[in-house]
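When reading the values below, keep in mind they use all heavy atoms of this one structure, side chains included, and skip hydrogens, waters and symmetry mates. Chain naming here is simple, since letters A, B, ... match the order of the sequence lines and numbering starts at 1 in each.
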Number of protein chains: 2
Amino acid sequence: MPVTIKDLSKTLGVSRSTISKALNDRPDVSPDTKTRVLQAAHDLGYQPSAAARNLRRQRTNKIGLVVTYPIHRVSDFLSELIPGMATVAEEAEYNLILYTSMVGSEERIQNLCRSREVDGIIIAWPPRQSETVALSQLLTDEDVPHIFLPRRVPHDDISYVAADHVQGARQLTQHLIALGHRRIGFERLPEVYETDDDRHAGYTQALRQAGIPYDASLVVSADSQDDDYERRSFDVFQALDEPPTAILFFTDPLAIRALSHAKAHCIRVPQDLSIAGYDGIPSSGVTEPALTTVRQATSKMGVLAVESLLKLITDGGAEPQQHILPVELIVRQSTAVPWKGSA
Amino acid sequence: MPVTIKDLSKTLGVSRSTISKALNDRPDVSPDTKTRVLQAAHDLGYQPSAAARNLRRQRTNKIGLVVTYPIHRVSDFLSELIPGMATVAEEAEYNLILYTSMVGSEERIQNLCRSREVDGIIIAWPPRQSETVALSQLLTDEDVPHIFLPRRVPHDDISYVAADHVQGARQLTQHLIALGHRRIGFERLPEVYETDDDRHAGYTQALRQAGIPYDASLVVSADSQDDDYERRSFDVFQALDEPPTAILFFTDPLAIRALSHAKAHCIRVPQDLSIAGYDGIPSSGVTEPALTTVRQATSKMGVLAVESLLKLITDGGAEPQQHILPVELIVRQSTAVPWKGSA
DNA sequence: TGTGCTTGCGAAATCGATTTCGAAGAGGTT
DNA sequence: AACCTCTTCGAAATCGATTTCGCAAGCACA
């Protein structure tokens, strides 16, 4: 049986209230009894019961990390996210609880909040925009502070932390334009998310600024369900009358697979074709050639999300927290000046 | 204010006890009242308070994942571990709580256990053997089920899940021997862990079986603190009278850095030198050449650890859970028949 | 009608800590 | 001596659910 406050009370001959006050550093305890209590607590190995404390305080000092997406699809991202999040949380005496089987289940999130086992939640990979707004409303009704990550939510009252993908895609495209590319392919996702729209917007902005007309045939949708789609989309690009001299891929893994398909087609990268990824995963740095990509400040996003959430938890009246972090262009060897042979 | 069992009791005109029994499917409730209670609970959006339930049941349905190692050093490993762990836990209605700032702090782990905020813990990257045994004793005294991961603990009473690194290193060495290598370098870690001993044992076993004498000059210790050590250890190998024709590295990242150092020294891999890694991280598959390595069943280890822990939690008298999982040799392009030029 | 048994329900205790509120005692002032 | 203030402490209520135990009603049977 663990040592309870009752045991302490008995051995010291002091009431439970006084013990509690001494341990919580309340003013109405004499310095003498306080030290006696602390000493005894240490000697007996007393540690307050988390459950009892939570019940009384109506607070758990736990933050829920709710992953509303098949977790194996985002574990790379999570591994960059979690260390920062956990560290910041623990500095504030909070811990992270993982809820990963929450795919598309608004109701389960609601139940989680109603059971009050966390003081606030971070919702990683929220659903489409309309559902996100509805979900946020639900959580607001339950009075549970929450933050969406890592996608922006176009709504003034909703807190989120995201990366500036408009800027990222624009910089990447500008980089290619500066190298001399005019026909730049863009492989986007079929799912309609803000992230995708943002990157597409960045891509078109850069083209417009450079006076390059938008060519719809250069934009294809990757089918994330189909592992071999990559090869076929590659063929689609190559089959064009005037194939692109550079291709932007929505994520690094897509770009890495494109790299090996290029090799299989005897297309040299970057001499014959420039390839760029997005996300800056570790693997992108060790390919041959190393991948030009855009690095999101993933770790920082996690840190910021926790900090913002803590602010919302601590200060009930706090403003919605909205952060869009800049991203960083990483130029490596997979992009270069286009070959002028056919031009 | 959230809906409590009291509210339900009031609106239904039924005692709290009966509500509780109905919700927990106890036998002494009539089918009629049970449906009425369930209906009302649903209508009012009632969800039992986790804190109150935990306090009363003396059980939290939470598993602690305690990381006793600088988390950014192991986040890759964690990202493979966590999805499986979380999934299995959640199927059994448990959740994972992360405790990452537990580096070298036996006392904080003890306090965690005393506060009873988890029903059991998984200790990732336990300290040295002697400390591990002491820690296990401490947790046993507190009556908290626990499992060590991912290192074996040479002690009959202690539960752990680990990978068979003796087998892994032996297979890797045998693979090189089969290719014709006789002088095989081995870069181990300076820290004295079972893992390291195991791999070294596998290495020497393979040599012995092949009748190749052990040459201590072929075994160097990497200094994990020093990022540039890799380059110097590489020089150490090259400066030998008879340099190795193949080198085993303790981890993939070390091998990947060696790959680029080799390139800088104009040493071709695998023609001039075979290089092998260990762990099978994603990056190891996209290097040029792709790395021969050994893949641990990391995800499976996480799953097994949670399953074992749940067994210990559920069945107090369960045997210690000890699992050593086989590892898988992955032969890729960084190892090949040695060049006979100088032989 | 009286006895025995089953079924369904509720009063009250309990889990362990926190907090409110009142009281006792010490010390000072008039 | 009467009154006040300040410090220190403890009794009791509270957080919300679960569980034990006893009671009452209903039914069957002699």
query: So what does A/Asn54 touch, heavy atoms closer than 4.0 Å: a base, only the sugar-phosphate, or nothing?
result: nothing
Separation of C/dC9 atom P from B/Leu23 atom CG, nearest Å, is 14 Å
Between B/Lys34 and A/Ala52, the residue closer to the 5' end of DNA chain C by nearest nucleotide is B/Lys34
What class does the angle between the rings of B/Tyr69 and B/Trp125 fall in, given that below 30° is parallel, 30 to 60° is tilted and above 60° is perpendicular?
-> tilted
Quiz prompt | Touch class at under 4.0 angstrom, heavy-atom based, for A/Ser20 against every strand present | solution = base
Check your understanding: Is it true that the side chains of A/Arg56 and A/Asn54 contain a donor and an acceptor less than 3.5 Å apart?
Key -> no
Would you kindly say whether A/Ser159 and A/Gln322 are connected by a side-chain donor-acceptor distance under 3.5 Å? no
Less than 4.0 Å between a side-chain N and a carboxylate O, is that true for B/Lys62 and B/Asp119? no
Quiz item: Has B/Thr18 got a side-chain N or O lying under 4.0 Å from the OP1 or OP2 atom of C/dG10?
Solution: yes
Please classify the nucleic acid contact of B/Thr4 as base, sugar-phosphate, or nothing, using heavy-atom distances under 4.0 Å.
sugar-phosphate
Scan nucleotides 21-23 of chain C against the protein and return all N/O pairs shorter than 3.5 Å with their distances rounded to 0.1 Å.
none

side-chain contact (heavy atoms from CB on, under 4.5 Å) filter on A/Ser136, not counting sequence neighbours, yields A/Thr140, A/His146, A/Phe148, A/Ile158
### Task
For residues A/Leu310 and A/Tyr94, determine if any side-chain heavy atom of one lies less than 4.5 Å from a side-chain heavy atom of the other.
yes
Contacts under 3.5 angstrom, residues 40-47 of chain B side chains, donor-acceptor by atom type, not counting sequence neighbours:
residue : atom : partner : partner atom : Å
B/Asp43 : OD1  : B/Gln39 : NE2          : 3.0
B/Asp43 : OD2  : B/Gln39 : NE2          : 3.3

Q. What do you reckon, is NZ of B/Lys34 surrounded by more than 12 foreign heavy atoms closer than 6.0 Å?
A. yes
Separation of C/dT20 atom C1' from A/Arg16 atom CZ, nearest Å, is 15 Å
With five pairs defining each end axis, the helix from C/dT1-D/dA30 to C/dT30-D/dA1 comes out bent, to 10°, by 70°
Donor on one side chain, acceptor on other, B/Ser299 and B/Glu80, under 3.5 Å
no
Under a 4.0 Å heavy-atom criterion, DNA chain D is touched by chain B from D/dG16 to D/dT20
- Query: Which part of the nucleic acid, if any, lies within contact of A/Ser30, taking any heavy atom under 4.0 Å across all strands shown: a base, the sugar-phosphate backbone alone, or nothing?
  - Reply: sugar-phosphate
Between B/Ile122 and B/Met85, is any pair of side-chain heavy atoms under 4.5 Å apart?
-> yes
Only residue of A/Leu81, A/Val66, A/Leu304, A/Thr298 satisfying side chain to side chain contact (heavy atoms under 4.5 Å, CB included) with A/Leu149 is A/Leu81
Side chains of A/Ser20 and A/Ser17 only: does a donor on one sit below 3.5 Å from an acceptor on the other?
no
What residues 109-121 of chain B contributes to the DNA chain D interface at heavy-atom separation below 4.0 Å is none
Open item on the list: Is it the case that the side chains of B/Glu117 and B/Thr60 hold a donor-acceptor pair, with the cut-off being a distance below 3.5 Å and no angle test?
Closed with: no
